[in-house]
Amino acid sequence: MIRMTEPSKITAVPDHQPAAGGIAARARASVGPKYLSGLNPEQREAVETLDGPVLVLAGAGTGKTRVLTTRIAHILSQGRARPAEILSVTFTNKAAREMKHRLGQMLGHAVEGMPWLGTFHSIGGRILRFHAELAQLKSNFTVLDVDDQVRLLKQLLQAENIDDKRWPARMLAGLIDGWKNRGLMPSQVPSGEAAMFANGKGGKLYASYQERLKILNAADFGDLLLENIRIFREHPDILRQYQQRFKFILVDEYQDTNVAQYLWLRLLSQAPSSTSPRLRGEVAPQSDAGEEDSPQTALVETPPHPDLLPASGEKEKTKNICCVGDDDQSIYGWRGAEVDNILRFEHDFPGAKVIRLERNYRSTGHILAAASHLIAHNEGRLGKTLRTEDVEGEKVTVTGSWDSEEEARGIGEEIEQLQRQGEKLNEIAILVRASYQMREFEDRFVTLGLPYRVIGGPRFYERAEIRDALAYLRVINSPADDLAFERIVNVPKRGLGDATVQMLHDHARKRRVPLFDAARAVVETDELKPKARGSLRDLVAQFDRWRAQREVTAHTDLAQIVLDESGYTEMWQKDRSADAAGRLENLKELVRSMEEFENLQGFLEHISLVMDREGGAEDDAVSLMTLHSAKGLEFDNVFLPGWEEGLFPSQRTLDEQGRAGLEEERRLGHVGLTRARRRAMIYFATNRRIHGTWSTTIPSRFLDELPAANVEITESKGGSAWGGTGGYGASRFDDMEAFGSSYSTPGWQRAQANRNRGGGRNGGRSGGFEEEAATFSSSSSSGPDFGSFSSRRRGPLTIEGELIAKSTGTTSEFSLSDRVFHQKFGYGRVTKIDGNKLTIAFDKAGEKKVVDSFVQRA
DNA sequence: ACCGGCTAAGTTTTT
DNA sequence: CTTAGCCGGT
């Protein structure tokens, strides 16, 4: 669990009081409710300013969550609202859980009664279920995930005879998603954009996709908000009901809101109109305004939101909405977030009070200064100056490496050194820009026997086995769920292939019935071959049986029965691939997680919205993740590798988003730096392998944007890249002194020189690689050869051998040519043994050096 | 219906 | 260099 340290560090009475009324404030501070004690003046103002719109600009590590939860506690304890009258939205389930947890600590058990604390989507979904019929849905509608969406769209493309090679379903899904993020119903999509896909058919496809969703009784994630917005607009009476209910609205991570979320908040935050409610079905004045005003601007710039301006001349009254966010941490523009929302807050919510939280309780002075200086290069920001009363601490280090392997090696050694100094691995994180960077670290850590944990990756409910299992349950619960039926009809293999499914589709379409009903009918005919027919008949019978059992069996038991009887469990038991065991474990976990829900229906309604990745293991391990998934986390020691032009900032972002993209990348750097409490260590490599081929890179421009006074340039410890002795010699630091605070270490110079060179391979390397080879490699004396570069480097390295021997000291229980299994690399054969260090030829992953504790006998 | 080989593409991620 | 997805052969 993430430590949030700020409360304990604060003394009871804030050191700085506002100039005016200092004494009175001090007196109040000591008298006020105990949950207010320990807040600094700004935090306290953010908590106590209950009336009218409030924007809390909360920089990294300034106690944002604390303010949110304390504010809720304050509202409740002041009797301003009951728990059910507070709408509190977050983006992730994790954030929602964290808030509930902290509220619980603050208030005791009272949290149970906060029904409207949740993610945008779960609350939107909740509201939509209440009014499902207004969206042509039933209240038990299914929430589709991306995979379902894409499959559905593929069918539509096929039906329209559109070449899905040229116009991939994924692309259309992305477009539709983008439109929904911007709050656009099919009729509102600017015609220029609608025409972009498949020679003008984009808009039509969007419309028919929506129609299909209704038939399937399904909604996608975007609909959960979009349909809310539509219902609110078309039924002012309903909107008014919610406006009256929610006395207070709190929003977390406001900088990440997209247009749809903004519209949704905007509607809910208006004071309930005093005019008579409009009649059902009558169109609200706002709803049409959008299209005519800005037909084509949307393509180029953020569309203005004309439909948000007060309907007539009357002044819109805004209720008590409090948005907390940090424009400097907006890193999700590419998925529809509008930094503009936060930048425009004061304009959108007239009379808004803006409170800045600038006191950082997390990082040391140097780290904070470096992060602040970097982000100051952005133009589109509201501007905050983070300050700390913590020590200066260590300077941020910038280390150049010859290539990405050396970078990984250097960081590996640095981590081992930190470990020797008593640092917990849990307090060490490596934050990368792109996930492909992780591989080298994983390889390295496996070789070192360094425990690590990858954060992110496929989420629990996105895994194939979970989605398959859910599909079975969905078909039981809702026989009309064609997408679920199609997903599992031949999983495990039942001999019901494409031909059969196509046949069922034809049947279903002709009679306008769901696939399942078509299946039931078809098995009564002799349209199918006997084998397929029998298979299908069995399947239909099984579902009938399961549905009957549902009445008399606990839903968890039913799930287990379904998984077993369908042969699904068996399918994975027989599977010998590397991750089969994990999948079975996930299935168990799924069944376990069902216990929290009353019944199957309840489970299915929430599963797609609240299920997230498995709770991490409690072991001490280094965390490896992307900068994006690091947002909201903090660690004592943070490694930031790969600060090179093209990678970070990402070339693609620059190409596609231009200056805005560059600023978002810079914010990403700011996020990365501010994750660190005590040490931030930046790395760049001169050569990096991208898509298999080595290319020479130049250091990131962000390095130039760091303040020299807070940064120290060091040489890689991962084996000397350039000149030098290759160890931890003190002379290295003497050398550093000469270069002072400018970026002109030998490595840096070489990197700069490489800018002008055509990236000639032999040019830059002569000094570096060979010297290193002399120092480290005992196995090879041949010249550089990039083809076998990595494998040769991984030859028996004395230094590694010593390190390993020191740390474990046992001899291996494996023998040559043993068949072994590795969590990550799968099955392989031992080809070499060196102490507890094995060289294994993996069937799939190739030859790797691995510490024996990482493998088991196959 | 299934498997194997080929081709093309290749950030970031939540719900 | 990988990997996913598609097509063609058995």
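Scope of the values below: all heavy atoms of this structure, side chains included, with no hydrogens, waters or symmetry mates. Per chain, numbering begins at 1; letters A, B, ... match sequence-line order. Just so you know, these numbers come straight off a predicted model, no measurement behind them.
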Can you find a side chain N or O atom of [X] that sits less than 4.0 Å from OP1 or OP2 on [N]?
{"X": "A:T626", "N": "B:dT13", "value": "yes"}
{"X": "A:T90", "N": "B:dT14", "value": "no"}
{"X": "A:N258", "N": "B:dT14", "value": "no"}
{"X": "A:K154", "N": "C:dC6", "value": "yes"}
{"X": "A:T119", "N": "B:dT15", "value": "no"}
{"X": "A:N93", "N": "B:dT15", "value": "yes"}

Most 5' of A:F91 and A:L496 on DNA chain B, judged by nearest nucleotide: A:L496
Residue mapping more 5' on DNA chain B - nearest nucleotide basis, A:M625 or A:D498: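 Per heavy-atom nearest nucleotide, the more 5' residue is A:D498.
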Contacts under 3.5 angstrom, residues 662-672 of chain A side chains, donor-acceptor by atom type, not counting sequence neighbours:
| from | atom 1 | to | atom 2 | distance (Å) |
| --- | --- | --- | --- | --- |
| A:E663 | OE1 | A:G380 | N | 3.2 |
| A:E663 | OE2 | A:E379 | N | 2.7 |
| A:E663 | OE2 | A:R659 | NH1 | 3.1 |
| A:E664 | OE1 | A:G333 | N | 3.1 |
| A:E664 | OE1 | A:R667 | NH2 | 3.4 |
| A:E664 | OE2 | A:G333 | N | 3.1 |
| A:E665 | OE1 | A:R433 | NE | 3.0 |
| A:E665 | OE1 | A:S650 | N | 2.8 |
| A:E665 | OE2 | A:R433 | NE | 3.3 |
| A:E665 | OE2 | A:R433 | NH2 | 2.7 |
| A:E665 | OE2 | A:T653 | OG1 | 3.4 |
| A:R666 | NE | A:E705 | OE1 | 2.7 |
| A:R666 | NH1 | A:N378 | OD1 | 2.7 |
| A:R666 | NH2 | A:E705 | OE1 | 3.4 |
| A:R666 | NH2 | A:E705 | OE2 | 2.9 |
| A:R667 | NE | A:S330 | O | 2.6 |
| A:R667 | NH2 | A:S330 | O | 3.4 |

Between [X] ([atom1]) and [N] ([atom2]), how many Å, whole number?
{"X": "A:R335", "N": "B:dT14", "atom1": "CZ", "atom2": "P", "value": "7 Å"}
{"X": "A:I123", "N": "B:dT15", "atom1": "CD1", "atom2": "P", "value": "13 Å"}
{"X": "A:E253", "N": "B:dT14", "atom1": "CD", "atom2": "P", "value": "13 Å"}
{"X": "A:R666", "N": "B:dT12", "atom1": "CZ", "atom2": "P", "value": "21 Å"}
{"X": "A:H691", "N": "B:dT7", "atom1": "NE2", "atom2": "C1'", "value": "16 Å"}
{"X": "A:I455", "N": "B:dT14", "atom1": "CD1", "atom2": "C1'", "value": "16 Å"}
{"X": "A:K529", "N": "B:dA1", "atom1": "NZ", "atom2": "P", "value": "6 Å"}
{"X": "A:E338", "N": "B:dT14", "atom1": "CD", "atom2": "P", "value": "20 Å"}

Intermediate values then yes/no, side chain to side chain donor-acceptor pair (under 3.5 Å), A:S404 and A:E440: CA-CA 8 Å; A:S404 44; A:E440 263 164 322; 3.0 Å; yes
Sub-4.0 Å heavy-atom contacts from residues 655-665 of chain A onto DNA chain B, ordered by number: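 A:E656, A:E665 - these, ordered by number, are the residues of the stretch whose heavy atoms sit under 4.0 Å from the strand.
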Residues in side-chain hydrogen bond (donor to acceptor under 3.5 Å, both in side chains) contact with A:Y568, at least two apart in sequence or another chain: A:D468, A:W572
A:R182/A:E338 ion pair, N-O < 4.0 Å: no
Separation of the P atoms in C:dG5 and B:dT12, to the nearest angstrom: 15 Å
C:dA4 versus B:dT13 - spacing of their P atoms, nearest Å: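 That atom pair is separated by 16 Å.
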With a 4.0 Å cut-off on heavy atoms, is [X] in touch with a base, just the backbone sugar-phosphate, or nothing at all?
{"X": "A:F120", "result": "nothing"}
{"X": "A:V146", "result": "base"}
{"X": "A:D220", "result": "nothing"}

With sequence neighbours excluded, residues passing side chain to side chain contact (heavy atoms under 4.5 Å, CB included) with A:A218: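 Result, side chain to side chain contact (heavy atoms under 4.5 Å, CB included) vs A:A218: A:T142, A:L144, A:L213, A:L216.
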Residues forming a side chain to side chain contact (heavy atoms under 4.5 Å, CB included) with A:N490, sequence neighbours excluded: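 With neighbours one apart ignored, the set is A:K493, A:R494, A:L496.
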From [options], pick the nucleotide closest to the side chain of [X]?
{"X": "A:K493", "options": "B:dT15, B:dC2, B:dT13", "value": "B:dC2"}
{"X": "A:H628", "options": "B:dT12, B:dT15, B:dA1", "value": "B:dT12"}
{"X": "A:S435", "options": "B:dT12, B:dT13, B:dC2", "value": "B:dT12"}
{"X": "A:H121", "options": "B:dG10, B:dA1, B:dT15", "value": "B:dT15"}

Contact list for residues 147-169 of chain A, test ring-ring contact (aromatic ring centres under 6.0 Å, His included), sequence neighbours left out: A:W167-A:F197
Between A:E465 and A:N586, a side-chain donor and acceptor under 3.5 Å: yes
A:E227 side chain to A:H131 side chain, donor-acceptor N/O pair below 3.5 angstrom: no
Base of B:dT12 and ring of A:W334 stacked, centres under 5.5 Å, planes under 30°: yes
